Student: 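Here it is, the structure in full.
Note that this is a predicted model, so its numbers are computed, not measured. Start at 1 and go down the list; that is how both ligands and their atoms are numbered.
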Amino acid sequence: MIATEKRITPAPLTQLTEEEKMFQAAVRQFARERIAPHVREMDEAGAFRKDLIQEFFKLGLMAIDVPEQYGGSDGYFFESILAIEELARVDPSAAVIVDVQNTLFNNAIVRWANEDQKKKYLPRLAKDTVAAYALSEAGSGSDAFAMATRAIDAGDHFRITGRKLWITNGNEAGLYLLFANANPDAGYKGITAFLIEREFPGFKVGKKEDKLGIRASSTCELILDDCRVPKSNVIGEIGKGYKIAIETLNEGRIGIGAQMVGLAQGALDHSLAYAQQRKQFGKLIAEFQGVQFDLAEMAVEVEAARLMCYNAARLRDAGLPFVTEAAMCKYFASQVAERCASRAVEVLGGVGFTKDYPVEKLYRDAKIGRIYEGTSNMQRVTIAKQLLGNRS
Ligand SMILES: Cc1cc2nc3c(=O)[nH]c(=O)nc-3n(C[C@H](O)[C@H](O)[C@H](O)COP(=O)(O)OP(=O)(O)OC[C@H]3O[C@@H](n4cnc5c(N)ncnc54)[C@H](O)[C@@H]3O)c2cc1C
């Protein structure tokens with residue numbers, strides 16, 4: 001007979017620790033009380049309020065998994081995912097500011113920077129400095145390593161020339177993790193990561209894009225004209241920037257997945273509230289089975305996307321392989337966000353199509369999930385490579 005000793009089963013994916021619950025509740029309250037009243041105004045202005053960014057810092061949201069010794073909140077990557085989800089539920093623009101800071105920038109510095117660089121920069125990132133991640137260019141998006149920005153070795157410093165495009169947080173940032181090729185003959189093995197301070201000579205922030213969605217999040221061009229960058233600001237090894245870019249983006253994708261889960265949940269929240277107060281044919285529209293089915297379908301999709309996201313984040317925190325799961329969660333959650341936002345506009349009927357209700361904005365905001373940090377096609381490429389054993 002097989003022994004029936006009680007085994008310890010792994011915790012359900014959505015079961016949070018007491019600390020995670022408290023953190024999630026604090027971010028939820030902050031998003032509802034402090035961000036929600038300004039969402040429409042910020043979307044229309046195409047700018048995020050500086051006072052709210054300062055509040056992100058005060059709440060510890062800008063250095064969530066940075067060790068305490070550098071001024072951070074000493075949390076897990078998973079907590080960044082919870083924060084991004086809760087913020088996106090109210091405003092996906094707020095979420096992406098926190099997302100880039102934590103999952104792309106801080107993450108790269110904690111993992112790849114040397115001790116001097118960590119001591120110098122991490123406390124600033126925790127206290128008051130917004131960061132940006134600059135990889136894309138006009139000619140290199142999906143084919144990111146075809147970048148034209150060049151770094152020339154000039155003894156104790158590099159001289160960088162080129163233009164970066166589409167850089168989130170570009171307008172507000174004080175620090176930029178920027179990729180340039182220091183040895184084009186070596187192809188992608190010349191790509192090097194540099195930490196650039198906004199005040200470095202030869203660096204300037206260019207045009208800000210006028211966008212369909214996440215309008216309050218700045219998306220800017222960066223111009224480097226013989227920008228002088230000390231060698232002490234190379235992050236990781238010269239020629240290993242491609243590895244930093246790939247590995248941080250793998251993690252970043254879970255953040256975008258979380259942004260899309262939060263957006264979809266927000267669309268469901270608004271649909272539930274409206275359906276329980278709008279009357280037609282003498283009844284609440286929530287009493288019609290057609291509307292109930294819409295709500296049920298949205299809830300199923302949100303749950304599935306959330307489970308995929310949480311699983312990818314938990315795998316990452318456990319030090320287990322997560323690259324395929326990260327690509328899958330971003331790919332799926334961005335579709336769910338589009339579908340839920342679209343359904344929400346329909347549940348609200350005519351008012352859903354107006355700017356008086358938040359769902360038309362969520363509908364516009366959802367589209368970016370299928371584009372940045374690797375388009376949906378590039379996620380499918382990653383997933384298929386895994387299935388087919390890296391066949392090119
Ligand atoms: C609002 C916003 C914020 C952004 N923030 C940042 C940021 O902070 N930092 C940063 O570095 N970048 C950022 N980006 C850039 C973003 O990552 C790129 O736009 C994205 O990777 C796609 O590149 P692309 O726009 O050049 O499109 P392209 O690469 O030109 O793609 C166009 C189309 O071709 C398809 N395609 C391309 N190659 C293939 C292929 N091999 N197989 C199948 N289909 C393919 C794509 O899927 C897409 O549908 C941002 C972009 C936007 C719009």
Student: Short N/O distance, under 3.5 Å, between Tyr372 and ligand 1?
Tutor: no
Student: Does any donor atom in the side chain of Glu325 or Asn311 lie under 3.5 Å from an acceptor atom in the other side chain?
Tutor: no
Student: Are any of the side-chain nitrogens in Arg89 or Glu86 under 4.0 Å away from the carboxylate oxygens of its partner?
Tutor: yes
Student: Considering only heavy atoms, does Ile368 approach ligand 1 within less than 4.0 Å through its side chain, its backbone, both, or neither?
Tutor: side chain
Student: Looking at ligand 1, does any of its N/O atoms fall within less than 3.5 Å of an N/O of Leu135?
Tutor: yes
Student: Answer side chain, backbone, both or neither: which part of Thr168 comes under 4.0 Å from ligand 1, heavy atoms only.
Tutor: both
Student: Within the 4.0 Å heavy-atom shell around Ile167, which atoms of ligand 1 are there?
Tutor: 7 (C), 8 (O), 9 (N), 10 (C), 11 (O)
Student: Report, in ascending order of atom number, the atoms of ligand 1 lying under 4.0 Å from any heavy atom of Glu373.
Tutor: 17 (O)
Student: Can you tell me if Lys164 and Ser136 form a side-chain donor-acceptor pair at under 3.5 Å?
Tutor: no
Student: Could you grab the distance from atom CD1 of Ile368 to atom CG of Leu212, nearest 0.5 Å is fine?
Tutor: 8.5 Å
Student: Would Glu197 and Tyr121 count as having a side-chain donor-acceptor pair, cut-off 3.5 Å?
Tutor: yes
Student: Atoms of ligand 1 less than 4.0 Å from Lys211 heavy atoms?
Tutor: 1 (C)
